[in-house]
Asker: 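Please see the structure below; I have some questions.
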Amino acid sequence: MICSKDSKDSIALASECLRAGGIAILPTDTVYGFSGIVDLRGGEKFLTDSKIRVIKGREENKPLIQLISHPDEIYCYTDVIVPQELLDLWPGALTIIVPLKSSCPIETDCKTVAFRCPGDEWLRNVIERVSSPIFSTSVNKSGFPVLDSAEEIKRVFAEEVDLFVEDGDKKGALPSTIVRLLDDGSYEVLREGSVKI
């Protein structure tokens with residue numbers, strides 16, 4: 001299914017698709033992203049990260065970014081205090097890698113996860129309705145350039161996903177900046193994107 005982001009029911013369609021375990025291509029504050037619901041402990045297992053990897057042809061050991069709807073939600077998943085200068089950049093195109101706390105509700109074997117609270121209000125509303133973080137990774141085949149044309153995305157991937165929410169082209173859009181928190185409370189920049197630190 002394809003719908004416009006401007007459609008009055010686009011938030012409902014996107015959130016329903018994700019809650020059902022579907023894979024959607026959603027516009028973000030950077031580029032288009034493949035998205036799926038993140039499995040929570042004690043809940044139904046959708047394994048959408050595996051579905052996304054199959055579509056992208058992505059290496060199994062590369063983790064996917066998880067999007068949250070509010071900056072303070074980061075503390076549902078980590079006990080580490082995020083420096084205020086980083087939190088002040090949320091919502092925005094900044095991804096922060098944090099160690100997970102032992103009581104983390106996410107179903108994962110990973111010790112760290114990369115979180116982002118996106119700057120796009122529409123997308124945050126979708127995530128809030130899903131009531132779970134959602135995966136996000138750029139729309140492209142692994143090892144190939146990110147697709148920034150809505151028409152090209154439809155041509156290549158429309159038949160491989162459950163929903164494509166169209167929001168025009170994303171020409172020249174930069175990916176998020178990625179930082180990793182260190183044990184001493186400082187952080188290092190792993191990728192400089194659209195947010196300058």
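Just so you know, these numbers use all the heavy atoms, side chains as well, and skip hydrogens, waters and symmetry mates.
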Asker: Tell me if a side-chain donor or acceptor on K101 pairs with a main-chain N or O of Y75 at a distance below 3.5 Å.
Answerer: yes
Asker: I need the D9 CG to S15 OG distance, nearest 0.5 Å.
Answerer: 10.0 Å
Asker: Atom CZ of residue position R180 - does it have more than 12 heavy atoms of other residues, nucleotides or ligands inside 6.0 Å?
Answerer: no
Asker: As a quick check of understanding, evaluate side chain to side chain donor-acceptor pair (under 3.5 Å) for T95 and S176, giving each step before the final call.
Answerer: CA-CA 6 Å; T95 298; S176 66; 2.8 Å; yes
Asker: Locate the shortest heavy-atom distance separating Y77 from I106; write the atom from each residue and the value.
Answerer: CD2-CD1, 3.6 Å
Asker: Nearest heavy-atom pair of I127 and P118: which atoms, and what distance?
Answerer: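 The pair with the smallest heavy-atom distance is CD1-CG, 4.1 Å.
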Asker: Should V113 and P63 count as side-chain neighbours, where that means a heavy-atom distance under 4.5 Å?
Answerer: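 No, too far: nothing below the 4.5 Å cut-off.
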Asker: Contact between Y187 and V82 at the side-chain level, heavy atoms closer than 4.5 Å - yes or no?
Answerer: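 Of all side-chain heavy-atom pairs linking V82 with Y187, none is under 4.5 Å.
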Asker: Rounded to the nearest 0.5 Å, what separation is found between the CG atom of D167 and the CD1 atom of I25?
Answerer: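 Reported value, rounded in 0.5 Å steps: 13.5 Å.
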Asker: Could you check whether atom CG of D109 has more than 12 heavy atoms from other residues, nucleotides or ligands sitting under 6.0 Å from it?
Answerer: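 No.
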Asker: What's the separation between atom CG in L40 and atom OG1 in T108, rounded to the nearest 0.5 Å?
Answerer: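 Those atoms lie 11.5 Å apart.
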Asker: Grab the two heavy atoms, one from F46 and one from G21, that are nearest each other, plus how far apart they are.
Answerer: CD2-CA, 3.4 Å
Asker: Answer yes or no for K170 and Y32: cation-pi contact, defined as NZ/CZ to six-membered ring centre under 6.0 Å and angle to ring axis within 45°.
Answerer: yes
Asker: Check whether the side chains of N125 and E121 place a donor and an acceptor atom closer than 3.5 Å, and report yes or no.
Answerer: no
Asker: Let's go through E192 and K196 carefully: what are the C-alpha distance in whole Å and the side-chain angles of both, what is the deciding distance for salt bridge (charged side-chain N to carboxylate O under 4.0 Å, His left out) to 0.1 Å, and is it a yes or a no?
Answerer: CA-CA 7 Å; E192 186 171 292; K196 306 301 179 188; 3.4 Å; yes
Asker: Mind listing the closest non-hydrogen atom pair of A24 and C17 along with its distance?
Answerer: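 So the minimum-distance heavy-atom pair works out to CB-SG, 4.2 Å.
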Asker: Answer yes or no: is there a donor N or O on one side and an acceptor on the other, between the side chain of T30 and the main chain of P175, under 3.5 Å?
Answerer: no
Asker: Quick one, H70 with E128, criterion side-chain contact (heavy atoms from CB on, under 4.5 Å). Give me CA distance, side-chain angles, the key distance, then yes/no.
Answerer: CA-CA 8 Å; H70 298 285; E128 188 170 28; 3.3 Å; yes
Asker: Check the hydrophobic clustering (I, L, V, M, F, W, Y; side-chain heavy atoms under 4.5 Å; chains of links allowed) and say if I74 and I96 are grouped together.
Answerer: yes
Asker: Using the rule that Ile, Leu, Val, Met, Phe, Trp and Tyr join whenever any side-chain heavy atoms are under 4.5 Å apart, tell me whether L64 and V146 fall into a single cluster.
Answerer: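 No, it is not one cluster - the side chains of L64 and V146 are not joined through contacts under 4.5 Å.
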Asker: Kindly indicate whether the side chain of I23, heavy atoms from C-beta on, has any atom under 4.5 Å from the side chain of T48.
Answerer: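 Result yes, sub-4.5 Å side-chain heavy-atom pair found.
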Asker: Heavy-atom count around E188 CD within 6.0 Å, excluding the residue itself: above 12?
Answerer: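 Count over threshold, so yes.
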Asker: Does any non-hydrogen side-chain atom of V139 lie less than 4.5 Å from one of V156?
Answerer: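 A side-chain contact under 4.5 Å is absent here.
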Asker: Can you check whether S149 reaches K171 side chain to side chain, under 4.5 Å on heavy atoms?
Answerer: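 SC-SC contact between S149 and K171 confirmed.
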Asker: Are S138 and K56 packed together at the side-chain level, in the sense that at least one heavy-atom pair is separated by less than 4.5 angstrom?
Answerer: yes
Asker: Where is the tightest heavy-atom contact between T112 and P99, given as atom of each residue plus distance?
Answerer: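 Heavy atoms only, the tightest pair is CG2-CA, 3.9 Å.
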Asker: Keeping K154 on the side-chain end and E159 on the backbone end, is there a donor-acceptor pair under 3.5 Å?
Answerer: no
Asker: Which of parallel (below 30°), tilted (30 to 60°) and perpendicular (above 60°) describes F34 and F157?
Answerer: perpendicular
Asker: Does the pair D148 and D169 meet the rule for a side-chain contact (heavy atoms from CB on, under 4.5 Å), with working shown?
Answerer: CA-CA 6 Å; D148 55 12; D169 294 342; 5.9 Å; no
Asker: CD of Q66 to OG of S132: how many Å apart, nearest 0.5 Å?
Answerer: 7.5 Å
Asker: Nearest 0.5 angstrom please: D49 CG to I134 CD1, how far?
Answerer: 13.5 Å
Asker: Please determine whether salt bridge (charged side-chain N to carboxylate O under 4.0 Å, His left out) holds for the pair D39 and K45, giving the CA-CA distance in whole Å, both sets of side-chain angles, and the decisive distance to 0.1 Å.
Answerer: CA-CA 6 Å; D39 291 339; K45 300 297 180 286; over 6 Å; no
Asker: Are V31 and V195 joined in one hydrophobic group, where the rule is that I, L, V, M, F, W and Y side chains link up if heavy atoms are under 4.5 Å apart?
Answerer: no
Asker: Do you know the tightest heavy-atom contact between T28 and S136?
Answerer: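 The answer is CG2-OG, 4.3 Å.
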Asker: Verify the cluster assignment for I68 and L87: are they in a single hydrophobic cluster under the rule of side-chain heavy atoms below 4.5 Å apart?
Answerer: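 Result: yes, single cluster for both.
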Asker: Pair K51, D162 - check salt bridge (charged side-chain N to carboxylate O under 4.0 Å, His left out), show working.
Answerer: CA-CA 11 Å; K51 296 176 186 177; D162 300 289; over 6 Å; no
Asker: Transitively linked via ILVMFWY side-chain contacts under 4.5 Å: I65 with L190?
Answerer: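 No.
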Asker: Distance from R116 atom CZ to L89 atom CG, nearest 0.5 Å?
Answerer: 12.5 Å
Asker: Should T78 and F115 count as side-chain neighbours, where that means a heavy-atom distance under 4.5 Å?
Answerer: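 Of all side-chain heavy-atom pairs linking F115 with T78, none is under 4.5 Å.
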Asker: Report yes if some heavy atom in the side chain of I197 is under 4.5 Å from a heavy atom in the side chain of L86; otherwise report no.
Answerer: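 I197 reaches L86 side chain to side chain.
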